[in-house]
Amino acid sequence: MSAQRILVTAALPYANGHLHIGHMVEFIQTDIWCRFQRLLGHNCIFVHADDTHGTATMIRARQEGRPEVEILADMQAAHMADLADFQVEQVHYGSTNSEANRALCHEFWAAFREQGLVAERDVEQLFDPEAGMFLADRFVKGTCPRCGEPDQYGDHCEQCNATYSPSELVNPYSTLTGAKPELRTSKHLFVQIHQLQDFLTEWVDANDHLQDEVANYLKGFFLGEPLKEWDISRPAPYFGFEIPDAPGQFWYVWFDAPIGYVSSTKEWCDKTGEDFDTWWRSPDTRIVHVIGKDIIYFHCLFWPAMLKTAGFRLPERVQIHGMLTVDGAKMSKSRGTFVLARTYLEHLDPAYLRYFYASKLTNTLDDFDLGLEEFVNKINSDLVGKVVNLASRTAKFVKGVGLSAAYPDDGGLFEAAATEGDAIRDAYEGFEYAQAMRRIMALADRANEYVEAEAPWALKKDPEKAEALQDVCTVALNLFRQLVIYLAPVLPRLAAQVGELLGAPIERWDESRTPLVGTPVAKFKHLMQRVDPEKVKAMIEDSREAQAASETAAPTAAADDGAALAAEPIADECTYDDFMKIDLRVARVAKAEHVDGAKKLLKLTLSLGGDETRTVFAGIKSAYQPEQLEGRLVVCVANLAPRKMKFGVSEGMVVAAGPGGQDVFLLSPDSGAVPGQRVH
RNA sequence: GGCGGUGUAGCUCAGUCGGUUAGAGCACAGGCUUCAUAAGCCUGGGGUCGGCGGUUCAAGUCCGCCCGCCGCUACCA
């Protein structure tokens with residue numbers, strides 16, 4: 001097999017936040033594949049960068065009162081440290097906010113212009129006069145024009161499910177400053193992507209670029225009708241690159257983000273003397289993008305269209321994975337399952353997560369779950385109980401004498417496992433890591449059975465059988481080494497340790513085909529610790545606590561910087577009498593239950609003391625579990641007119657603060673208050 | 001709401017072209033072993049393959065309908 005040139009990328013993480021264990025699914029998956037290819041002897045590089053541009057970075061810079069580039073530098077340093085500590089190896093870590101990227105953006109753009117793909121149109125959009133910027137839908141809130149529900153986002157009412165344009169909102173306000181937005185017109189540039197429709201249809205259809213389900217999805221959902229033009233410009237102010245032939249216009253972040261793959265490679269080439277065209281314009285280079293299913297559209301339609309237009313090599317494959325859930329649910333800050341990469345590393349060995357992910361990853365878009373109990377069990381029984389234990393139970397018997405000079409008869413075990421290596425190799429190649437891990441563990445079972453049957457500890461007692469003992473351990477340690485070679489892409493540190501233990505570094509996949517003989521065996525040291533469930537618990541606890549500290553990442557919630565106030569300005573003055581119209585009461589949550597069919601609501605039965613109760617539907621499902629609520633005291637509006645809702649009549653409101661979603665904070669009276677007391 | 005995915009043992013999942021009595025790991029129970037980090041080996045219990053209908057000599061597998069669960073929902077579609 002001749003060495004191939006392979007360029008691999010993972011989606012560029014956004015510079016606005018820290019990496020979490022969901023990101024790590026992709027980076028670990030990509031790193032495993034690259035290490036596997038290098039183990040086969042291929043010239044495989046993983047190039048990476050931060051995605052930096054866009055409104056979110058700009059707003060964060062304003063909030064923190066420092067320039068964007070400072071934030072970018074901090075975040076990049078943090079991202080690089082996290083990845084390095086997870087043993088993710090990248091040849092270069094670039095940034096989309098680099099001169100190399102700007103130059104390449106110009107190159108792509110010139111190609112678009114030359115080929116007549118750019119059109120110009122006026123777009124009406126809401127503008128925040130105080131912030132001096134146009135507002136994306138999610139930065140505008142107001143009263144729903146259909147049902148009158150206040151505080152709905154610019155495009156969609158969560159109360160009645162109406163969709164509308166932001167300009168239709170009643171009493172709109174900017175969530176950035178609270179100012180009333182004005183409707184303004186600005187020029188936008190559009191890419192006429194439908195001109196590439198035939199090319200894209202063919203590309204999507206061609207074998208092996210995409211998983212079947214993705215190709216079907218794209219063909220059925222987008223390519224069946226003319227593709228809509230792509231709004232590629234944003235008016236100033238915008239943190240990004242100004243479009244050279246359209247002053248005051250900036251490229252939308254999704255234009256320059258994937259170009260970061262190319263520009264990062266360029267920087268790496270300039271640094272190392274590699275030839276850039278060989279990597280991005282040669283048909284001999286395999287280019288593979290690993291992404292999550294949330295960004296299929298950009299990577300499987302726009303990106304190939306961009307590469308094609310600008311004359312670059314198209315990806316051989318866009319490998320798409322599902323999303324991570326933790327303990328059966330979306331990662332949640334209030335449950336403590338929103339675990340930052342750094343928080344994980346403070347408590348647990350990265351090897352655990354690398355193996356766990358590998359044992360779960362398939363070549364499908366299915367989401368997969370990190371069950372915390374399963375995590376502990378799997379690592380302890382697979383890695384410690386089966387694999388590492390093989391060395392642990394045999395290595396010390398041959399300390400001093402080393403491995404036998406000739407490989408003994410093992411009943412064909414080694415040969416069978418070498419053959420099985422082909423299937424394991426194919427599984428890695430096809431991103432079927434779960435299958436690879438299953439096969440490896442089955443081999444580990446065979447090896448442990450062998451040790452059990454040969455009972456080296458019994459041979460040890462009879463000095464006459466010293467040779468047999470050495471032979472049995474030679475077999476066991478070779479079977480062990482074979483497993484570690486197969487696991488090397490996943491567990492690089494283990495591979496290095498085993499190289500030292502057996503006096504021969506693990507460098508090539510093919511080494512799994514030849515038994516090691518006659519080498520000394522070093523003193524056995526523990527290769528991997530069992531997972532302590534207490535540490536997992538501590539990690540979850542820390543993640544729950546980190547919630548408050550990490551809030552600065554969300555544009556609507558910073559500590560005392562006034563962002564929350566700005567998001568929702570103080571209402572018009574009211575009189576004491578106005579206030580007294582609202583009868584706030586202390587209430588006890590007598591019952592809290594899920595509502596069938598409701599995404600956001602919990603049904604609460606509130607006791608106001610005596611026989612007085614209220615049934616209230618509260619939109620707090622994403623922040624609270626019913627069990628957490630039962631018995632606790634809350635404050636409710638007791639004289640609110642009943643309101644008919646989809647699931648029943650709500651007879652009041654519980655008082656809570658926060659922007660919504662997972663960030664809802666119920667108010668509670670201090671201890672001593674009893675249900676029925678009025679709040680004055 | 002829209003779109004996509006998914007449903008097989010208590011849990012996580014495999015199950016090829018439709019073909020014998022539906023499998024594995026973990027968990028659980030009993031036994032063995034005592035070299036090994038409470039590791040290992042053997043045995044066992046445990047399934048109406050989400051439901052209903054259809055095609056077929058034969059359905060976990062193919063088709064239709066229904067139900068449940070999960071994800072995505074971006075000035076981007």
Side-chain angles (χ1 to χ4, degrees), chain A residues 54-56 123-126 134-140 154-158 160-163 165-166 186 188 190-191 193 213-214 216-217 220-222 225 227-235 252-255 292-298 301-302 322-325 328-330 356 359-360 362 364-371 373-378 380-397 432 434-435 437-439 441-442 444-445 447-461 469 472-473 476 524 526-530 596 599:
Chain A
T55 314
V123 171
E124 279 198 332
Q125 204 181 347
L126 291 176
F134 285 94
L135 296 168
D137 284 357
R138 71 199 145 106
F139 293 115
V140 186
D155 55 347
H156 174 234
C157 172
E158 298 185 320
C160 73
N161 264 329
T163 55
S165 105
S186 67
H188 279 234
F190 291 83
V191 174
I193 187 146
E213 49 199 313
V214 179
N216 290 340
Y217 162 66
F221 202 65
F222 295 106
E225 53 191 76
L227 288 164
K228 292 186 182 140
E229 54 187 9
W230 184 26
D231 183 351
I232 206 171
S233 70
R234 297 294 180 269
Y252 174 50
V253 57
W254 266 111
F255 175 75
K293 65 180 178 182
D294 50 333
I295 52 175
I296 288 175
Y297 184 70
F298 297 101
L301 293 179
F302 286 134
M323 300 310 192
L324 178 74
T325 59
K330 199 171 164 178
F356 187 84
S359 78
K360 288 284 190 173
T362 64
T364 69
L365 308 210
D366 298 351
D367 297 339
F368 71 93
D369 188 51
L370 167 58
E373 198 184 326
E374 189 194 357
F375 172 79
V376 174
N377 285 338
K378 201 176 208 38
N380 287 347
S381 75
D382 286 3
L383 291 186
V384 181
K386 287 182 183 176
V387 177
V388 165
N389 190 36
L390 275 170
S392 179
R393 67 194 305 202
T394 54
K396 67 173 186 185
F397 293 135
E432 293 280 10
Q435 194 194 122
M437 296 307 113
R438 259 200 313 279
R439 289 175 182 274
M441 287 311 135
D445 286 342
N448 273 306
E449 287 161 23
Y450 171 84
V451 174
E452 189 71 20
E454 300 298 326
W457 54 92
L459 299 174
K460 168 83 176 163
K461 288 174 185 157
L469 175 64
V472 166
C473 292
F524 180 77
H526 279 186
L527 298 167
M528 191 177 289
Q529 298 301 314
R530 298 173 61 80
D596 278 351
K599 280 184 179 176

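Every chain is numbered from 1, with letters handed out A, B, ... down the list of sequences. Source: prediction; values computed, not measured. As a basis for the values below, the full set of heavy atoms in this structure was taken, side chains included, without hydrogen atoms, waters or symmetry mates.
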Name the nucleic acid region contacted by [X], choosing base, sugar-phosphate or nothing; use a 4.0 angstrom heavy-atom cut-off, strictly under.
X        : value
A/Leu527 : base
A/Phe298 : base
A/Lys460 : nothing
A/Val123 : nothing
A/Arg234 : base
A/Lys378 : nothing
A/Asp366 : sugar-phosphate
A/Glu229 : sugar-phosphate
A/Gly385 : sugar-phosphate
A/Asn377 : sugar-phosphate
A/Met528 : base

Using purine N1 to pyrimidine N3 plus N6-O4 or O6-N4 for Watson-Crick, or N1-O2 and O6-N3 for G-U wobble, each under 3.5 Å, what pairs with [N]?
N     : result
B/C35 : none
B/C69 : B/G5
B/A58 : none
B/U20 : none
B/G53 : B/C63
B/U48 : none
B/G10 : B/C26

Among [options], find the nucleotide with the atom closest to the side chain of [X].
X        : options             : value
A/Thr325 : B/A27, B/G71, B/A39 : B/G71
A/Lys360 : B/C13, B/C42, B/C26 : B/C13
A/Asp367 : B/C75, B/C26, B/C70 : B/C70
A/Glu449 : B/C41, B/A14, B/C75 : B/C41
A/Trp457 : B/A77, B/U34, B/C41 : B/U34
A/Glu452 : B/C35, B/A39, B/C26 : B/C35
A/Asp382 : B/G40, B/A77, B/G25 : B/G25
A/Arg438 : B/G71, B/C75, B/C13 : B/C13

Whole-Å [atom1] distance, [N] and [M]:
N     : M     : atom1 : answer
B/A59 : B/G53 : C1'   : 13 Å
B/G51 : B/G68 : C1'   : 10 Å
B/C65 : B/A77 : P     : 30 Å
B/U8  : B/G2  : C1'   : 30 Å
B/G7  : B/U12 : C1'   : 14 Å
B/U43 : B/U33 : C1'   : 15 Å
B/G30 : B/U37 : P     : 25 Å
B/C26 : B/G5  : C1'   : 26 Å

Neighbour count >12 (heavy atoms, 6.0 Å) for atom CD, A/Glu449: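 Atom CD in A/Glu449 is packed in, count exceeds 12.
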Whole angstroms only, please: what is the [atom1]-[atom2] distance between [X] and [N]?
X        : N     : atom1 : atom2 : value
A/Asn448 : B/C42 : CG    : P     : 10 Å
A/Met441 : B/G23 : CE    : P     : 24 Å
A/Glu374 : B/G10 : CD    : C1'   : 13 Å
A/His526 : B/C35 : NE2   : C1'   : 13 Å
A/Asp294 : B/G5  : CG    : C1'   : 14 Å
A/Met323 : B/G4  : CE    : C1'   : 12 Å
A/Glu373 : B/G25 : CD    : C1'   : 15 Å
A/Phe375 : B/C26 : CZ    : P     : 17 Å

Can you tell if the side chain of [X] reaches within under 4.5 Å of the side chain of [Y], non-hydrogen atoms only?
X        : Y        : result
A/Val376 : A/Arg530 : no
A/Arg234 : A/Phe134 : no
A/Asp445 : A/Lys386 : yes
A/Asn389 : A/Val384 : no
A/Tyr450 : A/Leu390 : no

Heavy-atom donor-acceptor pair, A/Lys360 side chain to A/Phe368 backbone, under 3.5 Å: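 Not a single qualifying donor-acceptor pair exists.
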Atom pair CG (A/Asn380) and CZ (A/Phe375), whose distance is rounded to the nearest 0.5 Å: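 The distance works out to 9.0 Å.
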5′-ward residue of the pair A/Ser233/A/Ser381 relative to RNA chain B: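 Between the two, 5'-proximity favours A/Ser381.
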Toward the 5' end of RNA chain B, by each residue's nearest nucleotide, A/Thr364 or A/Asp445: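 Its nucleotide being nearer the 5' end, the pick is A/Thr364.
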N-O pairing of A/Arg438 and A/Glu432 below 4.0 Å: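 Salt bridge between A/Arg438 and A/Glu432, a charged N being under 4.0 Å from a carboxylate O: no.
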Syn or anti for B/C26 (syn when the glycosidic angle lies within 90° of 0):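 Anti, angle beyond 90° from zero.
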Pair of N/O donor and acceptor under 3.5 Å linking B/C75 base with A/Gln125 side chain: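 A donor-acceptor contact between them is present.
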